[in-house]
Amino acid sequence: MAEEVSNKQVVLKNYVTGYPKESDMQIMTSSIKLKIPEGTQNAVLLKNLYLSCDPYMRGRMTKLDTPSFAPSFQPGEPLSGYGVVKILDSTHPNYKKGDLAWGFTGWEEYTLAVDPQALIKIEQTDLPLSYYTGILGMPGVTAYAGFYELCSPKKGEYFYASAASGAVGQIVGQLAKLLGCYVVGSAGSKEKVDLLKNKFGFDEAFNYKEEPDFDAALKRYFLEGIDIYFENVGGKMLDAVLLNMRIRERIISHCHFLM
């Protein structure tokens, strides 16, 4: 007889308008058996160890009228996102009991996943597992692939990242700095700007909320224009960047790399 345990879940209560409120979600407790149901093929039973709270999840809390790469959450169902998991039981040929993995899972203590295509087995366990929600997970993969594989960066180039203190922005800025680029980032508070300059090693950073003219702000930091723009915000900032790009420039949007 399989052991049955309680399963605490973070459930979307209502679709969100404006900023998310605590009342839009609720903690619920269900029960789950620590054994995959008999006859269920290509499934894994997961113990969720770490969960990542990512910006794209806000969009999924809204009822979307058009198709999206990330569909809306369903009210009454647990949220889902990236996390680090341990395999408790498996009928999938790629996983066995005791394996560790990172990828898509539920915001709950235990998740039964059928045909888990969005999981990647963790082979290296000599680093903290929490790193697989950051630099070794989706943000790190997005930053690395976007910068090295698509931007074709060169030492000495002028690099700009918006939302630079975010999970992806802070990593890609440090990669650019390590390569020898001149690196500038923008963020939305003095504290974030200080982090970019004093902790993450950016050459310059500015608070876009204090800039009445984005075009003028970029010209202040890029006298000769921008070679690479890592795009995270769109809108008026992207419009201003387009006026300041050099010949053979590259613009990459990190949204294209969400797994």
Side-chain angles (χ1 to χ4, degrees), residues 7-30 32 42-86 101-120 129-146 161-172 187-188 192 230-238 252-259:
N7 188 22
K8 189 177 292 185
Q9 303 169 310
V10 180
V11 172
L12 181 67
K13 188 176 181 181
N14 304 298
Y15 283 122
V16 175
T17 57
Y19 287 105
K21 306 182 296 295
E22 187 174 343
S23 59
D24 293 322
M25 292 162 278
Q26 59 183 338
I27 302 296
M28 297 184 66
T29 301
S30 63
I32 188 171
N42 296 322
V44 286
L45 179 64
L46 311 173
K47 168 66 175 175
N48 294 309
L49 306 179
Y50 295 94
L51 298 173
S52 177
C53 185
D54 297 307
Y56 78 92
M57 295 177 68
R58 169 60 188 87
R60 299 190 67 195
M61 294 179 180
T62 303
K63 185 173 177 59
L64 300 175
D65 297 323
T66 57
S68 170
F69 74 95
S72 297
F73 293 126
Q74 295 301 309
E77 297 293 330
L79 302 178
S80 59
Y82 290 95
V84 179
V85 305
K86 183 175 183 179
W102 71 272
F104 222 63
T105 188
W107 275 39
E108 53 192 350
E109 291 182 277
Y110 304 93
T111 296
L112 177 62
V114 179
D115 195 19
Q117 297 181 10
L119 286 181
I120 299 173
L129 292 177
S130 60
Y131 285 16
Y132 286 92
T133 63
I135 192 168
L136 298 180
M138 182 268 288
V141 171
T142 300
Y144 187 93
S162 52
S165 65
V168 174
Q170 62 177 260
I171 295 174
V172 75
K192 292 178 180 178
F230 211 87
E231 157 60 38
N232 291 313
V233 297
K236 293 181 179 179
M237 183 61 78
L238 175 58
I252 196 72
S253 170
H254 96 258
C255 292
H256 295 160
F257 297 100
L258 290 174
M259 296 176 58

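Evaluation of the salt bridge (charged side-chain N to carboxylate O under 4.0 Å, His left out) rule for Lys21 yields Asp24 as partners, not counting sequence neighbours. For Tyr15, there are no ring-ring contact (aromatic ring centres under 6.0 Å, His included) partners, not counting sequence neighbours. When the side-chain hydrogen bond (donor to acceptor under 3.5 Å, both in side chains) test is applied to Thr62, the partners found at least two apart in sequence or on another chain are Arg58. Partners of Ser162 according to the side-chain hydrogen bond (donor to acceptor under 3.5 Å, both in side chains) rule, which considers only residues two or more places apart in sequence or in another chain, are Tyr229. With sequence neighbours excluded, the residues forming a side-chain hydrogen bond (donor to acceptor under 3.5 Å, both in side chains) with Gln117 are Asp115, listed by chain and number.
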Solution key, residues 46-54 side-chain donor-acceptor pairs under 3.5 Å, sequence neighbours excluded:
residue : atom : partner : partner atom : Å
Asn48   : OD1  : Thr105  : OG1          : 2.6
Asn48   : ND2  : Gly106  : O            : 3.3
Asn48   : ND2  : Glu108  : O            : 2.7
Asn48   : ND2  : Thr111  : OG1          : 3.0
Ser52   : OG   : Asp54   : OD1          : 2.9
Ser52   : OG   : Asp54   : OD2          : 3.2

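Between atom CD1 of residue Ile27 and atom CD of residue Gln9 there is a gap of 9.5 Å, rounded to the nearest 0.5 Å. The OG atom of Ser130 sits 9.0 Å away from atom CG of Leu136, with the distance rounded to the nearest 0.5 Å. Atom CZ in Phe73 sits 7.5 Å away from atom CG in Leu12 (nearest 0.5 Å). We find the CD-CH2 distance between Glu77 and Trp107 to be 16.0 Å, quoted to the nearest 0.5 Å. Here the CZ-CG distance, from Arg60 to Leu79, works out to 8.5 Å after rounding to the nearest 0.5 Å.
Here the side chain of Glu109 pairs a donor or acceptor atom with the backbone of Lys8 at under 3.5 angstrom.
Ala164 and Ala161 make their closest contact through CB-O, 3.5 Å (heavy atoms, listed as atom of the first residue, atom of the second, distance). The two residues Val168 and Phe230 have their closest heavy-atom pair at CG1-CE2, 3.7 Å. In terms of heavy atoms, Ser72 sits closest to Leu64 at OG-N, 2.9 Å. Summarising the geometry of Met57 relative to Ser80, their closest heavy-atom pair is CE-O, 3.6 Å, with the distance given to 0.1 Å. When every heavy atom of Ser165 is checked against every heavy atom of Lys192, the shortest pair comes out as OG-CD, 3.3 Å.
Relative ring orientation between Phe104 and Tyr82 is described as perpendicular, the plane-to-plane angle rising above 60° on a 0-90° scale split at 30° and 60°.
Other residues, nucleotides and ligands place more than 12 heavy atoms under 6.0 Å from the CD1 atom of Ile32.
Checked against Trp102 for a side chain to side chain contact (heavy atoms under 4.5 Å, CB included), the options Leu119, Val85, Ile120 give a single hit: Ile120.
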